[in-house]
There are 2 protein chains.
Amino acid sequence: METVRSSAMPAYQRIAAAYRGMIMSGELRPDDRLPTEHEIADRFGVVRQTVRTGLGILVTEGLIVARRPHGYFVRRREHMVYRPQEKSRPRPATPEMDRFSQQIVAEGRTPHQAIEVSLVQAAPDLAQRLGIAAGETVVARRRVRFINGEPTNINDSHFPIDLVKDSEIMSPAYLPRGTDQVLADLGYRQDRAIDEIFIRMPTPEEIHRLSLGPGTPVAAHYDTGYTAAGQPVQCTLNVLPGDRHKIVFERHWQGEPAG
Amino acid sequence: METVRSSAMPAYQRIAAAYRGMIMSGELRPDDRLPTEHEIADRFGVVRQTVRTGLGILVTEGLIVARRPHGYFVRRREHMVYRPQEKSRPRPATPEMDRFSQQIVAEGRTPHQAIEVSLVQAAPDLAQRLGIAAGETVVARRRVRFINGEPTNINDSHFPIDLVKDSEIMSPAYLPRGTDQVLADLGYRQDRAIDEIFIRMPTPEEIHRLSLGPGTPVAAHYDTGYTAAGQPVQCTLNVLPGDRHKIVFERHWQGEPAG
DNA sequence: TCATCTACATTGACTAGACAATGTAGATGT
DNA sequence: ACATCTACATTGTCTAGTCAATGTAGATGA
């Protein structure tokens, strides 16, 4: 078999680089269709499998999606603004919607939530953040939030069971006040929170809950809230698909000017 | 060819799920070796290519790495703590190291930086953040930061050229004071900053500069600083590989208690 | 007209190989 | 003892196909 090795790069990488370049430069625009695997194979003088390897790279990079039997398309991406700081800003005393819904409605879009409450044993990482022993029971209030009917992010709140038993938090109903306010009404008002953000690929469960396409990294945002006395009262895991969010916050300089 | 279809899931996904499970559960620990492709193929009754597809998923998920000719190994991951808030905290008047180096040394590790200064035309996204027209000249101070000899993150600062020409910022030397202080000395003290974080897969250039393995998502953190008068004076792009960082910040509740 | 069926193009999954590239361990030579 | 070479196991790249799954457009039928 005679193979013309036109460059040092393997063929599948040259194919990926070629179409990546066209997308990055704007020559191929969102929703544009790529040639079929067969056409690309002919063009580059390789078999279909090699083309699939190359396009697979762009799929895992999140640049294109495959829609059988239509072909590959350049992916469209728009980012929802995620503002972790807003969570600790004051709100009206009797809100009609939680913060997330407020923001989405303000943007002229339609929010929707699927809520599920369960009792689970705390995994080690969660237990550590809540200051309890691994395996102790916590209340998990698991939510998938939708915008315009599309799943957009995961918001799984966890509470030590002693704090919230027999409270509204145990009910899988929508709480317009927000769970922070319910906690405050129970005497556990949060005063301070630590935010941790990890960047990683999603787990299969997250892929399923969020209907994620391949090649979509996520931000896992742990928000752990403490009372003024320093007691941890909730730990929330927000999972934000990278193709649908940008995280925004603001800083103001502190202390005396150094200049 | 007789194929036993033991489940609805494709073979390559069953293979990925099997080893993902062993890693997640701790049965396979960091630096442990997986069986060879050939062994796995025999075990699952498929050909090597199918095994490669399955293990390829775990590689892109960042769970394993291939080391030829040794085999596949469970990836070890430790996260450097990245605190965007620290940037706006006061520091001693005459520091010997910048914040990054200070933190690394405090952790008992060895920092190192490769700095490169150039004049570039502002790309549209950068121009918008700096409040200038796309294509205008900006000073780019591009750095790759190393810990214990390993590239750890990218820190590319950009300044409108009018603000910094003929200043120390134009020199590709290490500035212990930090560029923020140099800007302040030039009369552009920052008072407020907006942080934007995007989650995505790295570009080939970022993969090269950071020696990233496949399957490593990154956080792209844009830090745009403003003077008290509201003038943007710098925009820095930090690229943080997901396998090496966690982003941490803290919040304190503001306004009158709502409970 | 409207619904239903069918052929088709395209991606998805997989087989059965071949040869290349690469670090290491063991053999060899001085 | 030390350096050098070589065989080898393993992953990397690629060929040349087969059959399955899927959504649509066009053909068919009432």
Side-chain angles (χ1 to χ4, degrees), chain A residues 1-19 31-75 204 207 211-215, chain B residues 1-19 31-60 62-75 207 211-215:
Chain A
M1 205 52 39
E2 194 174 15
T3 305
V4 178
R5 191 58 54 109
S6 57
S7 95
M9 215 187 282
Y12 75 95
Q13 284 183 22
R14 273 183 284 135
I15 293 169
Y19 288 97
D31 294 333
D32 276 3
R33 211 196 115 177
L34 272 65
T36 67
E37 294 175 346
H38 192 79
E39 282 169 8
I40 297 176
D42 286 352
R43 237 174 258 188
F44 283 79
V46 296
V47 298
R48 206 182 126 221
Q49 191 55 243
T50 303
V51 175
R52 283 181 66 76
T53 306
L55 295 186
I57 293 177
L58 302 188
V59 170
T60 65
E61 284 177 6
L63 291 176
I64 62 177
V65 289
R67 287 213 296 270
R68 184 170 52 168
H70 304 290
Y72 290 88
F73 294 83
V74 179
R75 193 150 144 184
I207 290 174
S211 304
L212 292 181
Chain B
M1 203 50 40
E2 195 173 15
T3 306
V4 178
R5 192 57 55 106
S6 56
S7 93
M9 216 186 282
Y12 75 94
Q13 286 183 21
R14 274 184 283 134
I15 292 168
Y19 288 97
D31 294 334
D32 276 1
R33 211 196 114 173
L34 272 64
T36 67
E37 293 175 347
H38 192 79
E39 282 168 10
I40 297 175
D42 286 351
R43 236 174 260 188
F44 283 79
V46 296
V47 298
R48 204 183 128 219
Q49 192 56 243
T50 303
V51 175
R52 283 183 66 75
T53 306
L55 295 186
I57 292 177
L58 302 187
V59 171
T60 66
L63 291 176
I64 62 176
V65 289
R67 287 213 296 270
R68 183 170 53 170
H70 305 289
Y72 290 88
F73 295 83
V74 178
R75 195 150 143 184
I207 290 174
S211 305
L212 293 181

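Protein chains get the first letters and strands the later ones, always in sequence-line order, with residue 1 at the start of each. Computed from a predicted model, the values in this text were never measured in an experiment. Heavy-atom basis, side chains included; hydrogens, waters and symmetry copies ignored.
Within the 4.5 Å cutoff, the side chain of V46(A) has heavy atoms near those of the I15(A) side chain. Using a 4.5 Å heavy-atom cutoff, the side chains of Y72(B) and V59(B) are in contact. Side-chain contact between Y19(A) and I64(A): absent, with no pair of heavy atoms (C-beta onward) separated by less than 4.5 Å. When side chains are defined from C-beta on, I40(A) counts as touching L55(A), because their heavy atoms get closer than 4.5 Å.
Here T50(B) reaches the OP1 or OP2 of dT15(C): one of its side-chain N or O atoms lies under 4.0 Å away.
With sequence neighbours left out, the side-chain hydrogen bond (donor to acceptor under 3.5 Å, both in side chains) criterion links R67(B) to no other residue. Residues that satisfy the side-chain hydrogen bond (donor to acceptor under 3.5 Å, both in side chains) test with R48(A), not counting sequence neighbours, are E37(A). By the side chain to side chain contact (heavy atoms under 4.5 Å, CB included) test, D32(A) is found to be paired with L28(A), R29(A), V74(A), residues two or more places apart in sequence or in another chain being considered. Considering only residues two or more places apart in sequence or on other chains, T36(A) meets the side chain to side chain contact (heavy atoms under 4.5 Å, CB included) condition with R33(A), H38(A), E39(A).
Per the geometry, CD belonging to Q49(A) stands 15 Å off P belonging to dA16(C), to the nearest Å. The CE-C1' distance, from M9(B) to dA20(D), rounds to 18 Å in whole Å. When the P atom of dC14(C) is taken as reference, atom CD1 of I40(B) falls 15 Å away, rounded to whole Å. Rounded to an integer number of Å, the gap from CG of D42(B) to C1' of dT15(C) is 14 Å. Following rounding to the nearest Å, R14(B) (CZ) and dA13(C) (P) show an atom-to-atom distance of 12 Å.
The C1' atoms of five pairs define one axis at each end of the helix from dT1(C)-dA30(D) to dT30(C)-dA1(D), and these two axes lie 10° apart (to 10°).
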Interface polar pairs with nucleotides 8-11 of chain D, N/O, under 3.5 angstrom:
unit_1, atom_1, unit_2, atom_2, d
dT10(D), O4', P69(B), O, 3.1
dT11(D), OP2, E37(B), N, 3.2

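Within 4.0 Å of G45(A), counting heavy atoms only, lie sugar-phosphate atoms of the nucleic acid but no base atom.
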